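Report on the following structure.
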Amino acid sequence: VTAAESTEWRNEAAQRLDFPPSGSRALSSRSTRNRALDWAGIAFGAATLLAARGTVARNGTRWGQALGAATLAASAAHLLYGTRPRSRADHVRTTLRVNREPQELYRFWRELKNLPRFIQGLESVETSSEVRSRWSAAAGTRSLAWDVELIADEPGRRIAWCSLPGSAVFHCGSVRFEPARGGRGTLVRMDLQSAWPAAGLVDRALRRFSGAERRVKEDLRRFKRLVETGEIPTTSGQSSGRARKAARQEAAC
Amino acid sequence: MLANCWYGKRDLRVEDVPDPALLNPRDAIVKVTLTAICGSDLHLYNGVIPGMRSGDILGHEFMGEVVEVGAEVQGLAVGDRIVVPFPIACGACFSCEEQHFSLCENSNPNAWLAEKLWGHSPSGMFGYSHIVGGYAGGQAEYVRVPFADVDHVKIPDGVADEQALFLGDIFPTGYMAAENCDLRGGETVAVWGCGPVGQFSIVSAYLLGAERVIAIDRFAERLAMAHDLAGAETLDYTQVDVREALEEMTGGRGPDACIDAVGAEAHGPGPLGAYDHVKHALMLETDRPYALRQAIMACRNGGTVSVPGVYGGFLDKFPFGSVMNRSLTLRTGQTHVQHYTRPLLERIERGEVDPSFVITHVRPLREAPEAYQMFNDKEDGCIKVVLAP
């Protein structure tokens with residue numbers, strides 16, 4: 001992430017972050033349409049390729065195969081690299097209802113060192129002043145760190161933050177705590193934009209398919225679980241018939 | 001420790017696996033003194049429920065002695081003798097506050113998976129596929145119980161293990177099925193399936209005021225238990241046309257309430273039964289709803305169809321026109337066990353019900369795979385097996 005890109009994103013994010021009053025979806029519809037076209041291309045390419053296999057033996061022509069392969073490759077490449085401008089960061093908006101008061105949720109979130117407890121991959125947040133903090137996360141085998149500044153802090157209602165221009169990571173987020181109607185908890189609305197540096201080809205492909213959206217939604221769900229129950233339910237580390245079997249196989253090798 | 005593990009369709013093995021450990025502050029570890037095979041475990045045994053992984057520890061009906069508690073567990077101590085409800089519930093979310101414990105919003109770590117299949121996620125459950133969390137089950141010497149402060153009922157000394165065990169699932173399940181019928185006294189209730197849940201549905205329907213309960217099955221020993229021990233009139237569907245018999249018995253009106261205690265793997269006579277078997281075998285249908293279709297068609301106008309039977313996915317030829325045009329009420333759900341444990345324990349203590357009447361076999365845990373096979377194939381008059389570790 002270059003300094004210029006980062007500054008540009010930051011300005012953009014500062015304007016865009018947070019839910020627009022009338023829930024405009026303009027941001028995502030374009031890329032969804034493009035993606036559908038890419039998938040259609042992949043399906044068409046694969047079908048042509050399969051259909052052409054049968055005819056090769058009979059008339060010797062490979063045009064069908066070539067057309068299929070070309071369409072397939074072009075669509076797949078476009079899906080991986082072309083659906084959004086290269087410099088556009090992931091942008092995710094999501095809402096979850098939490099069975100607690102807005103004030104309590106705000107206080108928990110405002111204590112930024114709590115964030116690594118529910119944001120997966122985030123290793124630590126160290127606060128250096130009222131508005132500045134240093135965040136670090138695991139990125140594959142290495143660790144990344146960046147400085148974050150609060151850009152909005154409305155007690156009991158909203159917190160927004162952004163990485164400083166020129167940081168290794170671009171990460172801007174906003175979280176709002178709206179009382180749900182009828183006193184039934186709080187609607188927690190999250191809005192996040194992020195981009196990670198220098199991802200390799202495989203990394204990019206994986207990220208495109210694993211989806212920032214799913215990751216953010218799971219993090220928000222972990223937040224809900226942590227504040228409602230005091231822990232995040234898990235089965236990781238429980239016993240099963242798998243561990244012993246694997247150990248036996250190892251011993252046998 | 002020894003644990004009964006699932007390795008595939010009809011492939012269970014009792015293996016030596018690592019002992020469970022506390023993973024969260026509200027966990028407890030329970031030394032299992034008695035566990036059981038549930039009819040719904042047979043759906044796993046037969047590979048009907050998706051989302052199982054090789055090596056999963058089975059079992060969601062179990063009780064035992066608390067041997068370890070996490071730092072945040074209140075109101076539960078080492079040495080307590082408890083039954084653990086099969087749905088895992090946090091006690092703090094909206095659903096738990098509504099007493100809908102099997103819909104706990106927080107206990108299923110794989111909620112996103114369930115959301116893909118069902119729209120929203122139910123609670124996590126012990127030993128019942130990774131769609132509901134993949135929690136290690138209780139057919140083992142020890143088991144980890146999450147949210148142990150909420151998910152237990154303490155058993156007093158006067159109540160035997162065999163009497164208390166079924167508070168974790170099948171007694172509350174039969175009871176909720178009957179409660180869902182909204183009985184006010186004097187009703188006729190028909191129950192499809194005389195397995196353990198069917199038996200408890202019959203008993204509970206009487207407790208809640210039904211005048212007459214008609215039970216339907218094809219196995220002589222199950223019909224005999226329903227008749228002799230639970231007090232129902234019985235119909236053998238291989239001997240009589242069930243619809244016709246019910247019309248006859250109710251003067252053409254149909255039962256006021258119908259309970260489907262069969263679920264996804266129903267057997268039915270005739271072409272429709274065969275149709276379901278073929279589609280099911282070809283994986284064109286996830287469930288075989290033969291009993292449910294019949295329960296709907298048989299129910300009286302404006303009556304209630306209550307479904308404690310387990311279904312996993314999509315039903316074929318579901319007579320929704322009958323439900324709509326005849327103002328039927330459909331009520332179902334995984335049992336909100338925690339809501340029922342204390343009142344039902346009191347009924348056991350007062351001697352109103354002795355749930356141990358359904359037990360036909362007691363086996364050591366080591367013989368779990370053979371016990372499943374016997375239960376599944378209805379050999380040796382098997383209705384309910386309990387396993388002692």
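Lettering of chains follows the sequences in order, A, B, ..., and the numbering in each one begins at 1. The shown structure was predicted, so the numbers you read here are calculated from the model rather than taken from an experiment.
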Ignoring hydrogens and geometry, is there a side-chain-to-backbone donor-acceptor pair from A:E231 to B:E72 under 3.5 Å?
->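 Not a single qualifying donor-acceptor pair exists.
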Is B:N106 reaching over with its side chain to a backbone N or O of A:P233, donor-acceptor style, under 3.5 angstrom?
->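 No; zero donor-acceptor contacts below 3.5 Å.
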Are side-chain heavy atoms of A:Q238 and B:I57 found at a separation under 4.5 Å?
->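 Answer no - side chains too far apart.
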More than 12 non-hydrogen atoms from neighbouring residues, nucleotides or ligands closer than 6.0 Å to [atom1] on [X], yes or no?
X	atom1	value
A:E218	CD	yes
A:R184	CZ	no
B:R366	CZ	no
A:R157	CZ	no

Answer with side chain, backbone, both or neither: which region of [X] has an atom nearer than 4.5 Å to a non-hydrogen atom of chain A?
X	value
B:A140	neither
B:P20	both
B:E105	both
B:A21	neither

Which value, rounded to the nearest 0.5 Å, describes the distance between A:N99 atom CG and B:F94 atom CZ?
->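 These two atoms lie 8.0 Å from each other.
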Take A:R242 and B:D56 through the test side-chain contact (heavy atoms from CB on, under 4.5 Å) and record every step on the way to the result.
-> CA-CA 8 Å; A:R242 286 182 287 278; B:D56 284 345; 2.8 Å; yes
Taking every heavy-atom pair that is under 4.5 Å apart, which of B:A136, B:A3, B:G137, B:C96 has the most such pairs with chain A?
->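 Sorted descending by pairs with chain A, the first entry is B:A136.
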Give a yes or no on whether a salt bridge exists between A:R221 and B:E115, defined as a side-chain N under 4.0 angstrom from a carboxylate O.
->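 Salt bridge between A:R221 and B:E115, a charged N being under 4.0 Å from a carboxylate O: yes.
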Please report the shortest heavy-atom distance between [X] and [Y], naming the atom on each side.
X	Y	value
B:S107	A:R225	N-NH2, 4.4 Å
A:T234	B:P109	CA-CG, 4.2 Å
B:M1	A:S239	CE-OG, 3.6 Å
B:C93	A:E228	CB-OE1, 3.4 Å
A:T229	B:R26	O-NH1, 3.1 Å

